[in-house]
2 protein chains.
Amino acid sequence: MTEVAGTARDAATEGSKSQQAYAAVTARIVDGTYPPGHRLVLAAIAHDLGVSVVPVREAIRRLEAEGLVTFQRNVGATVAGIDPTEYLYTMQTLSLVEGAATALSAPLIGVADIARARAVNEEMRACLQHFDPLRFTRLNQEFHAVLFERCPNPHLLDLVHRGWNRLASLRSSTFRFVPGRARASVEEHEGLLRLIEESADADEIERAARSHRSATLDAYLAHAHDTHP
Amino acid sequence: MTEVAGTARDAATEGSKSQQAYAAVTARIVDGTYPPGHRLVLAAIAHDLGVSVVPVREAIRRLEAEGLVTFQRNVGATVAGIDPTEYLYTMQTLSLVEGAATALSAPLIGVADIARARAVNEEMRACLQHFDPLRFTRLNQEFHAVLFERCPNPHLLDLVHRGWNRLASLRSSTFRFVPGRARASVEEHEGLLRLIEESADADEIERAARSHRSATLDAYLAHAHDTHP
DNA sequence: GAGTACGAAATCGTATACGAAGGGTAGGCA
DNA sequence: TGCCTACCCTTCGTATACGATTTCGTACTC
């Protein structure tokens, strides 16, 4: 079946069924088909993907290791929720690793990268008018990806990706709750680009990138505190 | 054997077979039964542990996610090696996350913790006389564990544990190669304790903890460069 | 003598099957 | 009427079995 229908299908058809299952489930979590709290039943997913439960099981375990799903023995897996505490920890960790990754990749960033990042940021600025949180968040990720993707330390880069993945599961980004943060964010992006352009000290870049993210977290916390005192 | 003899056996018998397999394989990697480069054959391990290949497979995948083993499709898993580059990346990442974890846990560290850490450090100081790299390394881990273990951010703490685990796979620690680093390390430990005692700024503690580890890395790199120019 | 091609052994990947543990519901008893 | 218990159903956990893929050894040819 796999060969017949999907010949040179798409990137998802690559490799083992486990990988396919992983890709498929991840996509569904990120795009919201499986909302937070949704129960992931192995047999159902397996049937859905046209494979056996074994590869699905492996995929779920991998997702568990990455924190996108929680797992309970003999009970099953559920899509990890948007627990505010969880959010805090994830953002805190991400600020740390992304800050470092950005600093490490800064010396390797060329003019083309800078231009691309700036273009994305300008798009974000334009987006401020008729504000669309989802679009803004997507652009935000794209912007930062340009900045950290050249990080030479693969472990660190992997941690950054995991952090973003976890955040992706709550699609209704921070900016939905705290739209006021969006404008400041765009300005800080420009400042970050300047630092990289002028080959600033690694420490300085790391601090800037880290506090940029921390500020978003703080804005969210302040908002959450106002809403649920 | 597992069911008949071991009723409330021991901690290793807890939970699923997958967890048992994970614990067993991890232990063998850390204690050197499976040296770096050793090929992990599923069927052999399964037979050895008295279980089927499925749980073993899951355990291996988990170890892969943690970086203790490398995996190749349709080929198998091998215990991850001591590639100097890998070491650099791991230490770099560890310095980052451990520094942050130490800073975050500092306010939660009580006098008892300080006393224990200091006792361990004194033991390390005594150990400097008839130097034993393995013992020194074990004490070193114990010392740092006291300092970061109270970190309230579980993700971050998990990353620190993973980092240490990966380093544990190369038991012949840095201090074997660079014994001169040991004395400086003990002194820096004392400085770190002082900072925590006097409730220093979080940034300051983070910087101190990070550069402590970075210094160890640098010492190793300098040594490696001397040896293999 | 070296390189290549073919075949066999080893090992992984996945499917299917069965036993076990949890949760929900219905029925009975206080 | 409310709570407790027993049963059943759903879903997971593991074993076994078979097909797929890779690798190593050997023989043949240039």
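These numbers come from a predicted model, not from an experiment. Every heavy atom of this structure was used, including side-chain atoms; hydrogens, water molecules and symmetry mates were not. Just so we're on the same page: letters track the sequence lines, and every chain starts at 1.
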Rounded to whole angstroms, how far apart are [atom1] on [X] and [atom2] on [N]?
| X | N | atom1 | atom2 | answer |
| --- | --- | --- | --- | --- |
| A:Q20 | C:dT14 | CD | P | 8 Å |
| B:I45 | C:dT11 | CD1 | C1' | 12 Å |
| B:E58 | C:dG13 | CD | C1' | 14 Å |
| A:R61 | D:dC12 | CZ | P | 12 Å |

Any chance you could measure B:L147, atom CG, to B:R116, atom CZ, to the nearest 0.5 Å?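 Answer for the CG-CZ pair, B:L147 versus B:R116, is 10.0 Å.
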
Given D:dT14, C:dC12, C:dG13, which nucleotide is nearest the side-chain atoms of A:S16?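 My answer, after comparing the listed nucleotides, is C:dG13.
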
On DNA chain C, does the nearest nucleotide to B:L42 precede the nearest nucleotide to B:V54 from the 5' side, or the other way round? Give the residue.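 The 5'-side residue here is B:L42.
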
Check nucleotides 17-24 of chain C for protein N or O atoms closer than 3.5 Å to its own N or O atoms and list the pairs.
none

Please answer whether the main-chain N or O of A:L221 pairs with a side-chain N or O of A:Y87 as donor and acceptor at a distance below 3.5 Å.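 Checked: no pair found.
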
Please confirm whether the shortest side-chain N or O distance from [X] to OP1 or OP2 of [N] is below 4.0 Å.
| X | N | answer |
| --- | --- | --- |
| B:S18 | D:dG13 | no |
| B:R57 | C:dC12 | no |
| B:S52 | D:dT14 | no |

By side-chain hydrogen bond (donor to acceptor under 3.5 Å, both in side chains) - contacts of A:R62 (at least two apart):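 With neighbours one apart ignored, the set is empty.
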
Looking at every strand, decide which applies to A:L40 at a 4.0 Å heavy-atom threshold: base, sugar-phosphate, or nothing.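 It contacts sugar-phosphate atoms only.
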
List for me each residue that meets ring-ring contact (aromatic ring centres under 6.0 Å, His included) alongside A:H189, sequence neighbours excluded, and say none if there are none.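 Applying ring-ring contact (aromatic ring centres under 6.0 Å, His included) to A:H189 gives A:F143, A:H144, A:H212.
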
For nucleotides 8-10 of chain C, which of its nitrogen or oxygen atoms have a protein nitrogen or oxygen under 3.5 Å away, and what is each distance?
none

Between B:Y220 and B:R181, is there a cation-pi geometry (under 6.0 Å to ring centre, at most 45° from the normal)?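 Not satisfied by the 6.0 Å and 45° rule.
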
Basic-acidic side-chain contact under 4.0 Å: A:E206, B:R210: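 So A:E206 pairs with B:R210 through a salt bridge.
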
Side-chain ion pair, B:R61 and B:E64, N-O less than 4.0 Å: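 Looking at B:R61 and B:E64, the cut-off is met.
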
Can you give the donor-acceptor pairs under 3.5 Å from side chains of residues 33-41 of chain A to other protein atoms, not counting sequence neighbours?
| from | atom 1 | to | atom 2 | distance (Å) |
| --- | --- | --- | --- | --- |
| A:T33 | OG1 | A:D31 | OD1 | 2.6 |
| A:T33 | OG1 | A:D31 | OD2 | 3.4 |
| A:Y34 | OH | A:R28 | NH1 | 2.9 |
| A:R39 | NH2 | A:V75 | O | 2.7 |

What residues, two or more places apart in sequence or in another chain, satisfy side-chain contact (heavy atoms from CB on, under 4.5 Å) together with B:I114?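 B:I114 satisfies side-chain contact (heavy atoms from CB on, under 4.5 Å) with B:I109, B:R118, B:L193, B:I196, B:E197 once adjacent residues are dropped.
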
